[in-house]
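Presented below is the structure to which this report refers.
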Amino acid sequence: MNQLLREQILTIVARVPKGRVTSYGRIAKMTDGASARMVGAALRSLPDGHGLPWQRVVDASGRIADHPGADRQRRLLRDEGVLLDSRGRVSVDYFWP
DNA sequence: TAAGTGACGCGTG
DNA sequence: GCACGCGCCACTT
């Protein structure tokens, strides 16, 4: 993984306000050439205790991406006030920016 | 070296 | 809304 892009990705994730979410694709567009998949790859490789609000990253339609930590992600979002609908989706109103 | 594999996005039907 | 195909690109086999 390109080190510069990885740094940009993590920096952007760190800026997402509590109680808001953003998407892989939006983060990718804010970087200098990363793709949505690369954003996912960067988050996947994060070690435990990194402190980044990785749970605030969802897919373009507000769904929690299918990954090993999805359950934990849903709980963390709920705990910080992000409500999920009956189908486990975040309303577009929560999207940041 | 080639082929498979994703924490995705988007256009089509 | 759902299923498919394709682009994306670093990493693994």
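Every chain is numbered from 1, with letters handed out A, B, ... down the list of sequences.
Between A:Leu84 and A:Val90, the closest side-chain pair of non-hydrogen atoms falls below 4.5 Å. At least one side-chain heavy atom of A:Arg75 sits less than 4.5 Å from a side-chain heavy atom of A:Arg78. Put simply, the side chain of A:Ile12 does not reach to within 4.5 Å of the side chain of A:Arg26, judged on heavy atoms. A heavy-atom distance below 4.5 Å is not found between the side chains of A:Leu52 and A:Leu43. Annotation: side chain of A:Leu77 is in contact with side chain of A:Ile64 (closest heavy-atom distance under 4.5 Å).
For A:Ala34 against A:Ala28, the heavy-atom pair with the smallest separation is O-CB, 3.4 Å. Shown here for A:Ala42 and A:Arg6, the closest heavy-atom pair between the two residues is O-NH1, 3.7 Å. The shortest non-hydrogen separation linking A:Ile27 to A:Val13 is CD1-CG2, 3.9 Å. Residue A:Ala70 comes nearest to A:Ala65 through the heavy atom pair CB-O, 3.8 Å, listed as atom of the first residue, atom of the second, then distance. Nearest approach of A:Glu80 to A:Arg56, heavy atoms of both residues: OE2-NE, 2.7 Å. When all heavy atoms of A:Phe95 and A:Asp59 are compared, the pair lying nearest together is CZ-O, 3.7 Å.
Atoms CZ (A:Arg63) and P (C:dA3) sit 10 Å apart, rounded to a whole Å. Between the CG atom of A:Leu77 and the C1' atom of B:dA7 there is a distance of 13 Å, rounded to whole Å. Distance, A:Arg44 CZ to B:dA7 P: 5 Å, rounded to whole Å. A:Leu43 places its CG atom 17 Å from the P atom of B:dG6, with the value rounded to the nearest Å.
Within residues 24-32 of chain A, the residues that place at least one heavy atom under 4.0 Å from DNA chain B are, in residue-number order, A:Tyr24, A:Gly25, A:Lys29. Taken residue by residue, residues 45-60 of chain A places heavy atoms nearer than 4.0 Å to DNA chain B at A:Trp54, A:Asp59, A:Ala60.
Counting non-hydrogen atoms under 4.0 angstrom, A:Ser23 reaches the backbone sugars and phosphates but no base.
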Grab the N/O contacts between the protein and nucleotides 8-10 of chain C below 3.5 Å, and write none if there aren't any.
| unit_1 | atom_1 | unit_2 | atom_2 | d |
| --- | --- | --- | --- | --- |
| C:dA10 | O3' | A:Met1 | N | 2.1 |

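Within the structure, a side-chain polar atom (N or O) of A:Arg87 is placed less than 4.0 Å from OP1 or OP2 of C:dG1.
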